[in-house]
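This report refers to the structure that appears directly beneath it.
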Amino acid sequence: MQLQAIQKSPKFNDGKAKSFPGYSVITSLALEDTANKTFYRQVETLQQNLSQQLESDFFIPLPPESFHLTIADLIWDDSYHQVVAANPNFDQELQEQINTSFQQYLDSTSNHEPLTWQLWGVVTRPRAIMASLVPKDQRSYESIVNLRRAVYQNSGLIGLGIEQQYDFTAHITLGYFGNVPPSLNRDHLCIVLSQINDRLVEIELPEFQIEQAQLRKFE
């Protein structure tokens, strides 16, 4: 069903990244994440398999050093431009409110051990192909839910125009769709994704440790 709805990502033009500023709450970038080197090597292998089997102008792979798990999308693109134009202090106020949300989360739990998720397979969304993750235990899932609740139910953030946009689907984005030809062979793409997932069933899936969440601004 998702394959019928795929479309070009607005983040790219002729394979080159466009200006797309905003904020998200994410895990550390792969380049900085020493605890998950083995995990990210497996994710990069998935990306390489996709790149080898898909046209380069159709599948735009992301730099592996930028891999990360998005915990909470906040604001981006036109919405960000508009709110900054109306409120020059937006960035500072956003940072202060996220700090409040983080502190609320920390105060709500006595267990600050890393959370453990596992690689599950590759999935497609309308604009991207992603590596999906599942929680290893109940605490790892509920802790993310509680952190997102501390963010999205923060009245100060709501006052800044931050709204919850999506339900949580744990994923690492591997790449975006570029030019989607009218004659795209969706059956072939489905086979490619299925074969990659079939191979994952045969290996011991690496675990992903979430040690901290960070507010990050992207351009």
Please test Thr27 against Asn36 for side-chain contact (heavy atoms from CB on, under 4.5 Å), starting from the C-alpha separation and ending with a verdict. CA-CA 11 Å; Thr27 59; Asn36 290 302; over 6 Å; no

Out of the candidates Leu147, Leu157, Leu106, Leu215, only one should pair with Ser101 under the side-chain contact (heavy atoms from CB on, under 4.5 Å) rule; please name it. Leu157

Among Leu74, Asp73, Ile98, Ile162, which residue satisfies the side-chain contact (heavy atoms from CB on, under 4.5 Å) criterion with Tyr23? Leu74

Answer whether the closest heavy-atom distance between the side chains of [X] and [Y] falls below 4.5 Å.
X	Y	value
Gln48	Glu44	yes
Ile75	Leu160	no
Thr124	Leu189	no
Gln118	Glu207	yes
Leu29	Arg216	yes
Pro135	Glu142	no
Arg148	Gln164	yes
Asn179	Phe58	no

Test of understanding: clusters of I, L, V, M, F, W, Y form through side-chain heavy atoms closer than 4.5 Å, transitively. Do [X] and [Y] belong to the same one?
X	Y	result
Val123	Leu133	no
Ile71	Trp120	yes
Phe90	Val151	yes
Ile203	Ile196	yes
Met130	Val134	no

Looking only at non-hydrogen atoms, find the nearest pair between [X] and [Y] and report the distance.
X	Y	answer
Ser24	Phe218	OG-CE2, 3.5 Å
Ala128	Tyr176	CB-CD2, 3.8 Å
Phe102	Ala213	CE1-O, 3.8 Å
Pro61	Phe59	CD-O, 3.2 Å
Asn49	Arg199	ND2-NH2, 4.0 Å
Ser28	Gln212	OG-OE1, 4.1 Å

Give, for atom [atom1] of [X] and atom [atom2] of [Y], the distance between the pair rounded to the nearest 0.5 Å.
X	Y	atom1	atom2	value
Phe67	Leu62	CZ	CG	6.5 Å
Ile191	Gln53	CD1	CD	10.5 Å
Leu200	Ser132	CG	OG	9.0 Å
Trp117	Lys136	CH2	NZ	14.0 Å
Thr34	Tyr40	OG1	OH	11.5 Å
Arg41	Thr38	CZ	OG1	4.5 Å

When you look at [atom1] of [X], are more than 12 heavy atoms from neighbouring residues, nucleotides or ligands closer to it than 6.0 Å?
X	atom1	value
Trp76	CH2	yes
Glu32	CD	yes
Glu96	CD	yes
Gln2	CD	yes
Tyr141	OH	no
Glu204	CD	no

Tyr80 vs Asp91, side-chain contact (heavy atoms from CB on, under 4.5 Å): CA-CA, chis, key distance, verdict: CA-CA 10 Å; Tyr80 176 71; Asp91 292 69; 2.9 Å; yes

Do side-chain atoms of Gln47 reach the backbone of Leu174 as a donor and acceptor pair under 3.5 angstrom? yes

Could you check whether any side-chain N or O of Asn154 sits under 3.5 Å from a backbone N or O of Thr100, counting only pairs where one atom can act as donor and the other as acceptor?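 The answer is no, because no donor-acceptor pair under 3.5 Å joins these two groups.
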
Parallel under 30°, tilted from 30 to 60°, perpendicular over 60°: which one fits the rings of Phe208 and Phe39?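 Geometry flag for Phe39 against Phe208: tilted rings.
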
I'd like to know if the side chain of [X] pairs up with that of [Y] as donor and acceptor (distance under 3.5 Å, no hydrogens or angles considered).
X	Y	value
Asp137	Ser140	yes
Gln209	Thr116	yes
Gln103	Asp107	yes

